[in-house]
Amino acid sequence: QEMGVDQLVGMGLVGFSLLIFTYYTLWVIVLPFVDSTHVLHSYFLPREYAVILPAVAGLVLVLCVGTFIVVVMWKNKKPAKKTD
């Protein structure tokens, strides 16, 4: 039963990642070649966000990884030996 839940969560994450990848690919690669008056443009954010959103996501990711590393190192820190 545990394996089923893990697989379901994994499939959900893969599906979500594919959806984001497809949206971003259409937004950045295909949309510039479509006429700006076409209805397709109404489904996408303005082009500036194509740079801003990944940059913010990258910053958040680096911040989370850095915080995780600091917390793990802090928890594993051994007390200093006293030499008398």
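The analysis underlying the following values was restricted to heavy atoms, covering all of them including side chains, and did not include hydrogens, waters or symmetry mates. Index from 1, following the sequence.
In terms of the side chain to side chain contact (heavy atoms under 4.5 Å, CB included) criterion, residue partners of P32 (sequence neighbours excluded) are, by chain and number, R47. With sequence neighbours left out, the side chain to side chain contact (heavy atoms under 4.5 Å, CB included) criterion links V71 to T67, K75. Applying the side chain to side chain contact (heavy atoms under 4.5 Å, CB included) rule to V72 yields the partners F68, N76; only residues at least two apart in sequence or on another chain are considered. Residues meeting the side chain to side chain contact (heavy atoms under 4.5 Å, CB included) test with V65, sequence neighbours left out: L61, I69. With sequence neighbours excluded, the residues that form a side-chain hydrogen bond (donor to acceptor under 3.5 Å, both in side chains) with T37 are D35.
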Could you tabulate the donor-acceptor pairs under 3.5 Å formed by side-chain atoms of residues 9-31, not counting sequence neighbours?
residue, atom, partner, partner atom, Å
S17, OG, L13, O, 2.9
T22, OG1, L18, O, 2.8
Y23, OH, Y43, O, 3.4
Y23, OH, L45, N, 3.4
Y24, OH, A50, O, 2.7
T25, OG1, F21, O, 2.7
W27, NE1, L45, O, 2.9

